[in-house]
Amino acid sequence: MRKIYRYYMQEALKEARKAADEDEVPVGAVVVYKDQIIARGHNQIERLKDPTAHAEMIALTSAANFLHTKWLNEASLYVTIEPCSMCAGALVLARVKNLCFGASDPKTGACGSVVNIANHKKLNHRIKVVSGILKEDCALLLKEFFKKKRARK
């Protein structure tokens, strides 16, 4: 695995840990443009009482604001878990070039696990997807979070 993938995924994991510290599902994302992180995001669904406040959505909005454009066609998004259908759709609409994710999501993953919005032949944009980057670290963070949640009940 390329060293640079690991570096940016470690940055996404830092964001995921922020979410966990805020008692949010620990998902983190970063957007990379011209070899620089231009945006970061972590889940804020509970804090904002907003079902769309996923890490990817927050990072995409921040990147679009940073670049002053809705097109992110030279950007890469790194996220700790496979995006859901909402986030994958937003990635396609933003024309993101590359998607790199850690853990697969067999329940709601929309980049190959359940459906494949990122590379659907009927859509007008396809995203290069690299999966499994630090997948054990990403999956462990989620497992530990939900284990603690169940123990509190």
Side-chain angles (χ1 to χ4, degrees), residues 1-20 24-45 48 50-146:
M1 179 182 317
R2 292 177 53 191
K3 190 175 180 180
I4 197 72
Y5 289 168
R6 295 174 61 85
Y7 171 77
Y8 290 128
M9 189 58 69
Q10 287 168 345
E11 292 299 308
L13 277 163
K14 287 178 186 176
E15 290 297 314
R17 288 183 194 100
K18 288 180 188 177
E24 297 275 358
V25 175
V27 178
V30 297
V31 177
V32 177
Y33 176 76
K34 294 186 178 179
D35 301 322
Q36 299 240 331
I37 295 174
I38 62 164
R40 296 173 177 271
H42 60 274
N43 276 4
Q44 296 180 47
I45 296 160
L48 299 176
D50 179 355
T52 70
H54 290 199
E56 302 96 320
M57 301 296 281
I58 291 166
L60 283 177
T61 298
S62 181
N65 287 331
F66 180 86
L67 295 173
H68 305 289
T69 181
K70 62 183 177 182
W71 305 125
L72 303 175
N73 52 346
E74 292 302 317
S76 299
L77 182 120
Y78 288 76
V79 63
T80 55
I81 192 167
E82 180 180 0
C84 69
S85 56
M86 173 185 67
C87 294
L91 293 167
V92 169
L93 291 172
R95 311 280 199 280
V96 168
K97 185 175 186 176
N98 303 300
L99 165 65
C100 303
F101 69 84
S104 295
D105 186 347
K107 292 183 180 180
T108 63
C111 298
S113 289
V114 177
V115 294
N116 196 347
I117 292 172
N119 282 291
H120 196 285
K121 64 183 178 182
K122 290 193 176 185
L123 296 177
N124 64 340
H125 179 73
R126 285 166 195 75
I127 302 167
K128 179 185 173 194
V129 177
V130 178
S131 62
I133 303 165
L134 300 178
K135 66 181 176 184
E136 293 85 8
D137 296 342
C138 296
L140 183 61
L141 188 59
L142 287 160
K143 285 177 190 170
E144 287 177 349
F145 175 81
F146 286 113

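The first residue in the sequence is number 1, and the count goes up from there. These values consider heavy atoms only, across backbone and side chains, with no hydrogens, waters or symmetry-generated copies.
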Would you confirm whether His125, through its side chain, and Val96, through its main-chain N or O, come within 3.5 Å as a donor-acceptor pair? yes
Please report the closest heavy-atom contact between Lys14 and Glu11, naming both atoms and the distance. NZ-OE2, 2.8 Å
Side chains of Phe146 and Val25: does their closest heavy-atom pair fall under 4.5 Å? yes
As a quick check of understanding, evaluate side-chain contact (heavy atoms from CB on, under 4.5 Å) for Asp137 and Leu13, giving each step before the final call. CA-CA 8 Å; Asp137 296 342; Leu13 277 163; 3.9 Å; yes
Crowding at CG, Asn73 (>12 non-hydrogen neighbours, <6.0 Å): yes
Step by step, work out the side-chain contact (heavy atoms from CB on, under 4.5 Å) result for Lys70 and Arg95. CA-CA 9 Å; Lys70 62 183 177 182; Arg95 311 280 199 280; over 6 Å; no
Are the side chains of Asn98 and Val130 in contact, using a 4.5 Å heavy-atom criterion? no
So, taking the atom named CD in Glu74 and the one named OG1 in Thr69, what distance separates them when rounded to the nearest 0.5 Å? 11.5 Å
Partners of Tyr8 by ring-ring contact (aromatic ring centres under 6.0 Å, His included), sequence neighbours excluded? Tyr78
How long is the gap from CD1 on Ile133 to CD on Gln10, to the nearest 0.5 Å? 11.0 Å
Heavy-atom pair of closest approach, residues Ala19 and Pro26: CB-CA, 3.9 Å
side-chain contact (heavy atoms from CB on, under 4.5 Å) assessment of Leu77 paired with Val30: CA-CA 6 Å; Leu77 182 120; Val30 297; over 6 Å; no
Under a 3.5 Å distance rule, please check whether Arg40 uses its side chain to pair with a backbone N or O of Glu15 as donor and acceptor. no
Walk me through it: do His54 and Met86 pass the test side-chain contact (heavy atoms from CB on, under 4.5 Å)? CA-CA 9 Å; His54 290 199; Met86 173 185 67; 3.6 Å; yes
What are the two closest non-hydrogen atoms of Gly41 and Ile58, and how far apart are they? CA-CG2, 4.0 Å
Identified side-chain contact (heavy atoms from CB on, under 4.5 Å) partner of Glu82 from the options Ser131, Cys138, Ser104, Pro106: Ser104
Donor + acceptor pair across side chains of Ser62, Asn65 (<3.5 Å): no
Could you grab the distance from atom CD1 of Ile37 to atom OG of Ser76, nearest 0.5 Å is fine? 11.5 Å
Please report the shortest heavy-atom distance between Ile45 and Ala53, naming the atom on each side. CG1-O, 3.5 Å
Point-to-point distance, once rounded to the nearest 0.5 Å, from SG of Cys111 to CG of Leu99: 5.0 Å
Under a 3.5 Å distance rule, please check whether Thr80 uses its side chain to pair with a backbone N or O of Val27 as donor and acceptor. no
Restricting to side chain to side chain donor-acceptor pair (under 3.5 Å), what partner residues turn up for Glu56, sequence neighbours left out? none
Nearest heavy-atom neighbours spanning Leu72 and Leu60: CD1-CD2, 3.5 Å
Which heavy atom in Ala63 sits nearest to a heavy atom in Ile38, and how many Å separate them? CB-CD1, 3.8 Å
Quick check for you: to the nearest 0.5 Å, what is the distance between Glu136 atom CD and Lys143 atom NZ? 9.0 Å
When rounded to the nearest 0.5 angstrom, what distance separates CG in Asn43 from NZ in Lys18? 13.5 Å
